[in-house]
2 protein chains.
Amino acid sequence: MRTRGAGGGSRVTLQTVADMTGVSRATVSNAYNRPERLSPELREQILDAARRLGYPGPDPAARRLRLGRSGVVGLLFTEPLSYAFSDPAAVLFLGAVARECESANAGLLLLPSPPDADIAGTLRQAVVDSMCIYSMPEDHEAVNAVLERQLPTVFVDQPRIRGTAFVGVDDRHGGRLIGEHVTALGHHHVGILTPRLLPDDYVGPVSDERLAASTFRIFKERFSGIRDALLQGPVPDVSITTQERGNTPEEGEAGAHMLLDSEPRPTALLGLTDQLALGALRAARARGLSVPGDLTVTGFDDIPEAAASDPPLTTVQQPLVEKGTAAGRLLLDLVQGGPAKEEMLSIRLVTRGSSGPVRDG
Amino acid sequence: MRTRGAGGGSRVTLQTVADMTGVSRATVSNAYNRPERLSPELREQILDAARRLGYPGPDPAARRLRLGRSGVVGLLFTEPLSYAFSDPAAVLFLGAVARECESANAGLLLLPSPPDADIAGTLRQAVVDSMCIYSMPEDHEAVNAVLERQLPTVFVDQPRIRGTAFVGVDDRHGGRLIGEHVTALGHHHVGILTPRLLPDDYVGPVSDERLAASTFRIFKERFSGIRDALLQGPVPDVSITTQERGNTPEEGEAGAHMLLDSEPRPTALLGLTDQLALGALRAARARGLSVPGDLTVTGFDDIPEAAASDPPLTTVQQPLVEKGTAAGRLLLDLVQGGPAKEEMLSIRLVTRGSSGPVRDG
DNA sequence: ACCAGTCAGTTAATCGATCTACTAAATTGA
DNA sequence: TCAATTTAGTAGATCGATTAACTGACTGGT
């Protein structure tokens, strides 16, 4: 028998309590986990001793090791974690994942991903049953790290890897919806605002090389979808100007100003996210351009702010909450041995006040 | 030596890799954690074998058991977790905590707390180094559970327990600021909108008993602060009507309508949170009452929406982000053996367009 | 009186890693 | 050349729990 001096100053464990009560370790364990297996009196006695000794209850890490399950779902975010709480789309998604976890009584572990840190290491250390990768560039080291760990994993938006669970939408189709809408309105000169296409700090027009090399699949697809629709649309000589920026309204505004300074001046500004489009709206206001009279602005995502903006934003609605729900459910199902499904959710164009026909002359 | 048939179909562990390579378990461990302790060739050989065997790397749970640290901070929320993502104040707070955790490369574990579940059990099972309790009623079972676990714990807002780390503001003082502001404007008839004072589903006026019995210290204090200021202010015969509601704009609107139906009709509606005050603003608009002409409305918290509302809300500003930062820092310091500080952050009245002098007659 | 069946516990194996203390071989220094 | 030091790796204890298999003592039906 492995015994440790009860008052020896070292940590209190099951064994300490067992020694104190004069029963075996197993019985103390049962007192906590299977009350029906011992007499109520003895149980009380044991719990009492535990209280007196200041025993904090069975150590969760040890239990987890033995049981092989932690009841925790992990989540890794592209951007620094704090960004997750400032981006409305992310908040909606996260909230829905959280709701699912909660209903299964599982914890949700948000993993840090500061720009400089060892994410692969973090990923290896996380005590979780399954893992959600939210919108990661395709070549990110985290992707390999999580794959190597052979944990049930759900990828959301990107990357999309054969044989792994996935939740997303048809972003290229979304892009086409926007493009078709804009050509239908007769716009010849169009500006596109896109978030970063590569994990660097580049700011400026999008080159064909950057687009081709992009590791952010979803934006690449939205971009291509828009461009295809524009070029194949009823309007003959479409000119397209582009600006690549960080995904915030502030940067969107700056990018929009650049686009509006180009010749010929675009009559439509298409944001690849609502955040950027909201910035474009600000830029228009700052210049005294009326929307949609002087300028058409469109977004992508349909975050709550899109409907509330002035004018309300024409955008592609993707079901952010459903996405979180689907991801959450998959995460939990995978742990139970469920299949690695791919869920493509549906999207649609929402026409609101920010888009209109091009003004003659 | 403890060996397991390498190809036996069972799990791959350090030992499997060790057997495969013909070295000891310790050496394989070193290959992962202390590369400098073995020759590069051997290391490569080991890592190679691991790859071939599909070894996912050292099991985090086992490592945690051995090392005694998990690098994770836990957080328990009053309301169901999903609420945390829908309440702006909570999102701001959470984001700041997340930022702190991230800078220390720690994970943030959001614990579920569905209304019916065994929160104490959840709390006992969480593999964390420290714990944050956010705005829990004083008598909640979770409070004892976490105390029993003897984990470094930070309480935010409530409860406030002697000897434990705490982050909060002087809510009573905040209440007085509002009360003084309103009496200074000459209001005689005041309605107060408060979130739940007890963990039940009650809806309606606040009785003295409910106030006295309240386990939500912060709202009780805000309430008392307001009332004290009103009763001791320059206005002689103040009448106070009250409504208790869930903390959402929707419920705030419903409560406001009730208050506006009472006789004498209040000329000022004081929300104990911005969420409720925002609801009051809606109610006023629905009735065609001009704010602040016909009705003064005030809030508490200063969430971003407060400044953006129409008219912008007079409210008590509390530093939500700072609160999260302070909590995060404390959480991390406690793990390092830091002292259990109490941090009282400062608040101030922010006078905006939603409050004005009572209209004569 | 005998066997089967419950009760209330115990024993000992096990989960998968890490770390201290140790050893054997290689290198260094005078 | 021989003791001292460094290098590369090993043995075995240990972290703190859970649980399958087992043991005696009772109970009760026939």
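Reckoned from all heavy atoms, side chains included, excluding hydrogens, waters and symmetry mates.
In the interface, the side chain of A:Arg25 is not paired with the base of C:dT10 through any donor and acceptor atom under 3.5 Å apart. For A:Arg63 and D:dT18, a side-chain-to-base donor-acceptor distance below 3.5 Å is absent, hydrogens and geometry of angles not being considered.
An OP1 or OP2 oxygen of C:dC15 is reached within less than 4.0 angstrom by no side-chain nitrogen or oxygen of A:Arg64. A sub-4.0 Å separation between OP1 or OP2 of D:dG9 and a side-chain N or O of B:Thr27 is absent.
Taking atom CZ of residue B:Arg69 and atom C1' of nucleotide D:dC15, one finds them 15 Å apart after rounding to whole Å. The separation between A:Gln15 atom CD and D:dA17 atom C1' is 11 Å, rounded to whole Å. The separation between A:Arg124 atom CZ and C:dT18 atom C1' is 17 Å, rounded to whole Å. Put simply, CG on A:Asp59 is 14 Å from C1' on D:dT14, counting in whole angstrom units. For the pair B:Leu65 CG and C:dC19 C1', the interatomic distance rounds to 13 Å; values are reported in whole Å.
Residue-to-nucleotide proximity on DNA chain D shows that, of A:Leu14 and B:Asn30, the 5′-proximal contact is made by B:Asn30. Sequence order on DNA chain C of the closest nucleotides to B:Leu67 and A:Gly22 puts A:Gly22 first from the 5' end.
The shortest heavy-atom contact between A:Pro152 and A:Leu334 is CB-CB, 3.6 Å. Of all heavy-atom pairs between B:Leu123 and B:Arg149, the closest is O-NH1, 2.8 Å. Nearest approach of B:Ala84 to B:Val91, heavy atoms of both residues: O-CG2, 3.4 Å.
Closest to the side chain of B:Val23, from the set C:dT18, D:dC15, D:dT10, is D:dT10. Considering only side-chain atoms of A:Ser24, the nucleotide from C:dT10, C:dA12, D:dT14 that sits closest is C:dT10. Comparing C:dT11, C:dG9, C:dG16 against the side chain of B:Ala62 picks out C:dG16 as the nearest. For A:Arg66, taking side-chain heavy atoms from C-beta onward, the closest of the listed nucleotides D:dA17, D:dT18, C:dT11 is D:dT18.
Contact annotation: the side chain of A:Leu75 approaches that of A:Leu94 to within less than 4.5 Å [non-hydrogen atoms, C-beta and beyond].
Interatomic distance, B:Arg43 CZ to B:Glu36 CD, rounded to the nearest 0.5 Å: 9.5 Å. To the nearest 0.5 angstrom, A:Leu332 atom CG is 7.0 Å from A:Ser103 atom OG.
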Self-check item: Worked verdict on A:Phe77 versus A:Leu111 for side-chain contact (heavy atoms from CB on, under 4.5 Å)
Solution: CA-CA 8 Å; A:Phe77 227 76; A:Leu111 295 171; over 6 Å; no

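Only B:Asn33, B:Arg34, listed by number, bring a heavy atom of residues 31-50 of chain B to less than 4.0 angstrom from any atom of DNA chain C.
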